[in-house]
Asks: 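Sharing a structure with you now.
A quick note: this is a predicted structure, and the numbers were derived from the prediction, not measured.
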Amino acid sequence: MSMTAELPTTFKGPTGVFSAALTPLTAELMPDHAEFAAHAKWLLAEGCDGIAMLGTTGEANSFSAEERMALLEATVAAGVAPGALLPGTGVAAFTETVALTKHALSCGVTTVVMLPPFYYKGVSDDGVFAAYSEILQRIGDSRLRVVLYHIPQMSAVPISHAVIARLIEAFPETVVGIKDSSGDLANMEAMVAKFPGFSVLAGADPAMLPLRRKGGAGCITATSNLVARDLAFVFRHALDEAKNAEVDAAQARVVAARAKASRFAQMASLKAMTAQRTGNPAWMRLRPPLLPLTEAEAAALASA
């Protein structure tokens, strides 16, 4: 008898496939509001459950608070439902994190993905907890749901299980999940086991399937910009033994796309591949210090 593919009903946080959406840029290297809204709508039509905008893949830390706010406002105004958006609001200054999160709430967005303050390295668990606690107390809004963002290879500020436990205890209705982009599947599986009902979301596309089968809530991933349809199929049928062969085939396509996007610099590669898909070369642009692929790299990627 096949296992069902029903979504779990016990998660407090988001479940499903969320795209760590790329941010298109104008010739002046400003966020292209109209193109972003169109991309978000395409991703939702491809099967994404939501759009995790203004994260690492979206070059968020290259944009000012005002630029972030304007893009979020424009996306909602363009008809993307606020409930489908999970903007990144965590920055180095906790007061600015408070402002970005309050702004998201004012736009009707209730779930955000939140980095810890990341400039100072080697901070203690007490320091990480204190930062999140200060932020959440200052926001003080019962509507808010926070997905923590664990990406130690970029932030150099890991979010330990001890910190997660303290945050869940202190803010049980607010701190509802985590995006784990460490690449450490064992860490993700350990959080699933340790924190029942906590939405553990894989930050790497290939990890979503094994994590899902261990009780994970889904993923927030970069390659979903290219293979959202396959990721959505894998998520929805991961527990259905009758569809194992189809799931394995879709997973193979996801892994292949991830490998292709990782041959050169990942964000530049994802943008180059999106430019190829859309026929719009403007997608190649990144904001410095990040740079687009060279012509030779883009040609190699296109012919792969």
Asks: Evaluate the side-chain proximity of V176 to P14: yes if any heavy-atom separation is below 4.5 Å, no if none is.
Replies: yes
Asks: Considering residues at least two apart in sequence or located in another chain, which fulfil the salt bridge (charged side-chain N to carboxylate O under 4.0 Å, His left out) criterion with R166?
Replies: D126
Asks: Would you call L201 and M188 a side-chain contact if the rule is heavy atoms closer than 4.5 Å?
Replies: no
Asks: May I have all residue pairs that pass ring-ring contact (aromatic ring centres under 6.0 Å, His included) and include part of residues 282-304, sequence neighbours excluded?
Replies: H39-W283
Asks: Could you name each residue pair satisfying ring-ring contact (aromatic ring centres under 6.0 Å, His included) that touches residues 206-234, not counting sequence neighbours?
Replies: F233-H237
Asks: Taking the side chain as everything from C-beta on, heavy atoms only, tell me whether I51 gets closer than 4.5 Å to F36.
Replies: yes
Asks: Restricting to non-hydrogen atoms, name the atom on H33 and the atom on A74 that form the minimum distance, rounded to 0.1 Å.
Replies: ND1-CB, 3.5 Å
Asks: Does A162 have any side chain to side chain contact (heavy atoms under 4.5 Å, CB included) partners at least two apart in sequence or in another chain, and if so, which?
Replies: D125, S160
Asks: Could you check whether any side-chain heavy atom of S181 comes within less than 4.5 Å of a side-chain heavy atom of Y149, counting everything from C-beta outward?
Replies: yes
Asks: Salt bridge between D49 and R236, side-chain N to carboxylate O under 4.0 Å?
Replies: yes
Asks: Can you list everything that forms a salt bridge (charged side-chain N to carboxylate O under 4.0 Å, His left out) with E173? Sequence neighbours excluded, please.
Replies: K12
Asks: Applying salt bridge (charged side-chain N to carboxylate O under 4.0 Å, His left out), can you list everything that pairs with R213, at least two apart in sequence or on another chain?
Replies: none
Asks: Of all residues at least two apart in sequence or in a different chain, which pass the side-chain hydrogen bond (donor to acceptor under 3.5 Å, both in side chains) check with R258?
Replies: D205
Asks: If you draw the axis of the six-membered ring of F63, does the NZ or CZ of R287 fall within 45° of it and under 6.0 Å from the ring centre?
Replies: no
Asks: Side chains of H103 and S106, heavy atoms from C-beta outward: is any pair under 4.5 Å?
Replies: yes
Asks: Distance from R253 atom CZ to L226 atom CG, nearest 0.5 Å?
Replies: 14.0 Å
Asks: Identify, with sequence neighbours excluded, every residue that meets ring pair (Phe, Tyr, Trp, His ring centres under 6.0 Å) alongside F198.
Replies: F195
Asks: Please list all pairs passing the ring-ring contact (aromatic ring centres under 6.0 Å, His included) test where one or both residues lie in residues 255-280, with sequence neighbours left out.
Replies: none
Asks: Sequence neighbours left out, what passes side-chain hydrogen bond (donor to acceptor under 3.5 Å, both in side chains) with R263? Give chain and number order.
Replies: none
Asks: For R277, check salt bridge (charged side-chain N to carboxylate O under 4.0 Å, His left out) against everything at least two apart and list the hits.
Replies: none
Asks: Excluding sequence neighbours, so at least two apart, what forms side-chain hydrogen bond (donor to acceptor under 3.5 Å, both in side chains) with T26?
Replies: E28
